[in-house]
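Numbered from 1 within each chain, the chains take letters A, B, ... in sequence-line order.
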Amino acid sequence: MVDKVHVKTTINGQEYEFLVEPYMSLLETLRDVLNLTGTKEGCNDGNCGACTVEMNGRIVDSCCVLGAEVNGGTINTIEGMATAEGLHPLQQAFLEEAALQCGICTPGFLISAKSLLEREPDADEHRIRYWLAGNLCRCTGYDKIIKAVQKTQATA
Amino acid sequence: MVATQEYKVIGTRPIRHDGLDKVTGRAIYGADVKLPDMLYGFVLRSPHAHARIRSIDTSAAEAMPGVVAVMTANDMPEAADELVDLGEGAINFSHASDHIMAMSKAKFKGHPVAAVAATSTNVAREAVAAIKVDWEVLKSAVTVDEALAPDAPVILDGWVGDDLGEKSTKPNVGSHFRHEFGDIEKGFADSTTIIEHRYDLAMVHQGYIEPHNGTAIWDQEDRVRLWTSTQGAFTVRTQLAGILQLDESRIKVTPTEIGGGFGGKIPIYVEPLAAILSKKSGGKPVRILMDRPEVFEATGPTPGGWVSVRLGVKDRKIIAGDADIRFDAGGFPGSPVGAAAMCVFSCYDIENTRIDGWDIIVNKPKTAAYRAPGSTHVAYAIECIIDEICEELDLDPIQFRLDNASKEGTRRGDGPIFPRIGNIETLEAARDSAHWNAPLDKNPGNGNVRGRGIANGYWFNVGLKSSVNLSVNTDGTVMLIEGSTDIGGTRASIAMQAAEVLGIRAEDIIPTVVDTDSVGYTDVTGGSRTTYATGFAAYKAAQNLIDELTARAATIWDIPEDEVVFEDGKFSSKSDPELSMTFKEIAGKLNETGGPVSSTGAVDLENAGGGFAVHICDLEIDPETGKTDVIRYTAVQDVGKAIHPSYVEGQMQGGAVQGIGWALNEEYFMSDDGQMVNSSYLDYRMPTSLDLPEIETVIVEVPNPIHPFGVRGVGEPPIVPPVAAIANAINDALGIRLREAPMNPGRILEALKEKNG
Ligand code: FES
Ligand code: FES
């Protein structure tokens, strides 16, 4: 048994302090250690984007980051997207536009799309499709996801 | 094309009831289940496609700290060697048990041979790596032609398949059947044009993003509790009961939210292993999650194989059709070749037909359903041949299809006579669509070439059994309890049908999907049946609720029951216009006037009403690289009646895109010794948002006469036409017929080289 690593980090604006095995991914850490199961696993090798979170201001596949690496950092996950004031406009648009079927990809898409709109509020359709190409959805054919992002842009 | 009736709720687009949980990360999927004192399981799988197990040594694994239980096939209860009906398909529990954990021989790479439960997944993985198996590697056969060759290895020891009613003399024939009508020889003799070709397809996977999972407790009273993401909790219960040799009443299955299935989450895999490991751990909960390579290598993809079709035409009428369909079933018999045979000629009215179906055992994972299972394969063959006929005879591809279209009264190739179907209306809507009438510049000037293709597709849909319970709250809302897994918005589409009957809003119905202890038997969410059949059960339950409330209104008003009418969401007296109550008003009076009111609705529907989809595809090909981009795509489909049009469009779009991936890129890439060499998303490469254009939809509504609102199954038809539509578009662009899918850049370049010499 290897020694666990001590980690202090801010997740969704909240201070967290925990111990984690040095080989554990951030995805496993979120889900199994911290019980933040809104972030999903589809492949565990960086190819589906279901595990997308924001880490120090950039989106990452959390299955490809170690839990120990986030010491001193800032993480935002799907659990932090809605506030007491209500849903994030993207969440609302996903509901209104039927941009999810099974919903397993939805947390990852929402985190990715939020990051895009914060950087490039006027991204065109091609740019949206490019930015979201790291997130796989097998149910929707992407059409309604793209339209939900565009609707969010239009109502911003 | 609008259905005649006016509705208040049906046809609107309310926000789905489970939406909030799914956009906030709160929804609990199978992998999110966590129970006190839970153990983590992992499975040892065969590294060989075909190998006998000489011995297994688990001692090193058992001795590892943190390991609580280890199992092999010796721990599997002995299951009956007989066929049991599962609603959608049948199961032989002895095969199922051998499939779940190999008894003496691995029949595909990834076949489980042992499993471990430990205090963490990591310990379980390390323990699995410490198990030693002494393998005798055998020759493998991975294609139907290899498995039928004279020197083929025997894959399933002792198996004798049925070959047209006789015992098969070939070892790997799961079955061979035939449907024949009319006089096929005369049909071809009378034909003036005959075209015949063989179309090959690779095995492909449903590709759902959520891997399989199961968390089980098998306690000291022999009660099993299981949490899993499945398309059918009751079907899981039946399978578990057969494999674990327990009465169904001792098993409770709780379906979690499910991250996609497309037919692939009807069979079970890790669930019995979690249960047995739990029993061996003294009843501790055991959770097993598959990883992505396990999903590719050891769950149920849809078969590869080939379809050979010969069509005979005279005076622009198809008068003879002959089809030979051969599917690789995987390591055990049971591919969807039967369904393929039901679909192959279904878009056309052909007098003389013969259909042969072969189910062939090969050293690949046992196949399962994948969205209209088998129909995409046969559409690839027949829709391309139809296109060739039109080319040869210089006919309009839609007009020719219309001239030969199946309609009410046409006999399907396997016998049944079609009821009212919307094949013609769907073709006409495609003909009149903006896309079909838009010009296509075949040489856009960048060196690329463009082409347009069209194809038709059919899926029969299924009915089967569903149960719904309703109970009225005093605030005028209604709880709806159902057993159908909600895989893509069916809580909403079912609730909307109850709301329509009750004259309340969709939001006033609160739908919940419950475990197998808490609602009547309900078949799988599959066969495009849920909105149709569970919706029908909800309709019946709502009608029963109205009857109860009518009686209650009569009691409240002290008038005879037949004096009370329910119309426009209001109960009123026929004779006294003063006496009137809305649904909400009577709901508020229930507790003072005799107590709560609830109702049930249950159905067992034999028929479903088939669905047709016509797809139009424009694509652009770079002849230098063979890269193909779909640049415009339109899906036209008869849905009977769109209950929630957004989710209907979503099904049409999602199915079309899965078909596009199948056509252009996806395949199980097998090495000669039966290893899948692309078992990751990176290498399997499903379509991303950047690969696709907008998917346009045209909803056609030819009401299904056997459903109260006219619903037809929607989910499956849209995966049927894409492969053929793309093949036809490639031919339009390049003048090349690709008869092997996927039609990837390599195949396009090869064909171009051959053509240009
Ligand atoms: S789970 Fe991390 S990319 Fe798929
Ligand atoms: S909604 Fe199912 S994977 Fe995207």
> Heavy-atom cut-off 4.5 Å, strictly under: side chain, backbone, both or neither for A:I146 against chain B?
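Looking at A:I146, just its side chain touches chain B.
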> How far apart are the closest heavy atoms of A:G42 and B:P211, and which atoms are they?
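Looks like O-CG, 4.0 Å.
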> With rounding to the nearest 0.5 Å, note down the distance linking CD1 in B:I258 to CD in A:Q101.
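Reported value, rounded in 0.5 Å steps: 12.5 Å.
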> Where does B:N122 contact chain A at under 4.5 Å (heavy atoms): side chain, backbone, both or neither?
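Contact with chain A involves the side chain of B:N122 alone.
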> Tell me, out of B:V295, B:I487, B:I28, who's got the most heavy-atom pairs with chain A below 4.5 Å.
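Highest number of pairs under 4.5 Å: B:I487.
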> Counting heavy-atom pairs closer than 4.5 Å to chain B, which one of A:N135, A:L95, A:L87, A:L110 comes out on top?
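Most pairs with chain B among the choices: A:L95.
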> Give the member of A:N44, A:N47, A:T39 that has the highest number of heavy-atom pairs under 4.5 Å with chain B.
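Among A:N44, A:N47, A:T39, the one with the most close pairs to chain B is A:N47.
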> Which pair of heavy atoms, one from A:A82 and one from B:T24, lies closest together, and at what distance?
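Taking every non-hydrogen atom into account, CB-CG2, 4.3 Å.
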> Identify which of A:K40, A:E28, A:E97 forms the greatest number of heavy-atom pairs closer than 4.5 Å to chain B.
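The residue among A:K40, A:E28, A:E97 with the greatest pair count is A:K40.
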> So does B:P687 get a backbone contact from the side chain of A:Y142, meaning a donor-acceptor N/O pair under 3.5 Å?
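Yes; at least one donor-acceptor contact below 3.5 Å.
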> So which of A:L132, A:T106, A:L136 has the biggest tally of heavy-atom pairs under 4.5 Å with chain B?
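Sorted descending by pairs with chain B, the first entry is A:L136.
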> Looking at side-chain heavy atoms only, is the closest gap between A:E96 and B:I15 below 4.5 Å?
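Of all side-chain heavy-atom pairs linking B:I15 with A:E96, at least one is under 4.5 Å.
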> Give, for atom CZ of B:R292 and atom CG of A:D45, the distance between the pair rounded to the nearest 0.5 Å.
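So the gap between those two atoms works out to 9.0 Å.
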> With no hydrogens and no angle check, is any side-chain donor or acceptor of B:E210 less than 3.5 Å from a backbone partner on A:I104?
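Answer holds: no.
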> Could you tell me which portion of B:P693 (side chain, backbone, both or neither) has an atom closer than 4.5 angstrom to a non-hydrogen atom of chain A?
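B:P693 touches chain A through backbone heavy atoms alone.
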> Once you round to the nearest 0.5 Å, how far does OG of B:S120 lie from CE of A:M24?
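Between B:S120 OG and A:M24 CE, I get 7.0 Å after rounding to 0.5 Å.
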> Determine yes or no for a side-chain-to-main-chain donor-acceptor pair under 3.5 angstrom, with A:K144 supplying the side chain and B:Y647 the backbone.
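Such a contact is absent between A:K144 side chain and B:Y647 backbone.
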> Chain A heavy atoms under 4.5 Å from B:A31: which part of the residue, side chain, backbone, both or neither?
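It is both, since atoms from each part get that close.
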> Main chain of A:G141, side chain of B:Q653: is a donor-acceptor contact present, judged purely on distance under 3.5 Å?
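Checked: no pair found.
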> For each of A:G80, A:G103, A:C105, tally heavy-atom pairs with chain B at distances under 4.5 Å, and name the one with the top tally.
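Most pairs with chain B among the choices: A:G103.
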> Without swapping roles, check the side chain of A:R138 against the backbone of B:I209 for a donor-acceptor pair under 3.5 Å.
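No, A:R138 side chain to B:I209 backbone: no donor-acceptor pair under 3.5 Å.
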> Rounded to the nearest 0.5 Å, what's the gap from CZ on B:R26 to OG1 on A:T37? Could you check?
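The OG1 atom of A:T37 is 11.5 Å from CZ of B:R26, to the nearest 0.5 Å.
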> Can you tell me which portion of B:L20 sits under 4.5 Å from chain A's heavy atoms? Options are side chain, backbone, both or neither.
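Both backbone and side chain.
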> So, do A:C139 and B:F262 sit near enough that their side-chain heavy atoms are less than 4.5 Å apart?
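They are in contact (side-chain heavy atoms under 4.5 Å apart), so the answer is yes.
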> Are any of the side-chain nitrogens in A:R31 or B:D32 under 4.0 Å away from the carboxylate oxygens of its partner?
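So A:R31 pairs with B:D32 through a salt bridge.
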> Check whether B:E257 gets within reach of chain A through its side chain, its backbone, both or neither, counting any heavy atom under 4.5 Å.
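When you check distances to chain A, no heavy atom of B:E257 falls under 4.5 Å.
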> Relative to chain B, which segment of A:Q92 carries a heavy atom at a distance below 4.5 Å: side chain, backbone, both, or neither?
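The side chain, not the backbone.
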> Can you say whether B:V23 sits under 4.5 Å from chain A via the side chain, the backbone, both, or neither, judging by heavy atoms?
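Answer is both: backbone and side chain atoms of B:V23 are under 4.5 Å from chain A.
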> Would you find a donor on one side and an acceptor on the other, under 3.5 Å apart, between the side chain of B:R13 and the backbone of A:A98?
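Not confirmed, B:R13 side chain does not pair with A:A98 backbone.
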> Can you tell me if A:R58 has over 12 outside heavy atoms packed within less than 6.0 Å of its CZ?
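Not buried by this count: 12 neighbours or fewer within 6.0 Å.
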> By a 4.5 Å heavy-atom criterion (distance strictly below it), what part of A:H88 contacts chain B: side chain, backbone, both, or neither?
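For A:H88, neither part sits under 4.5 Å from chain B.
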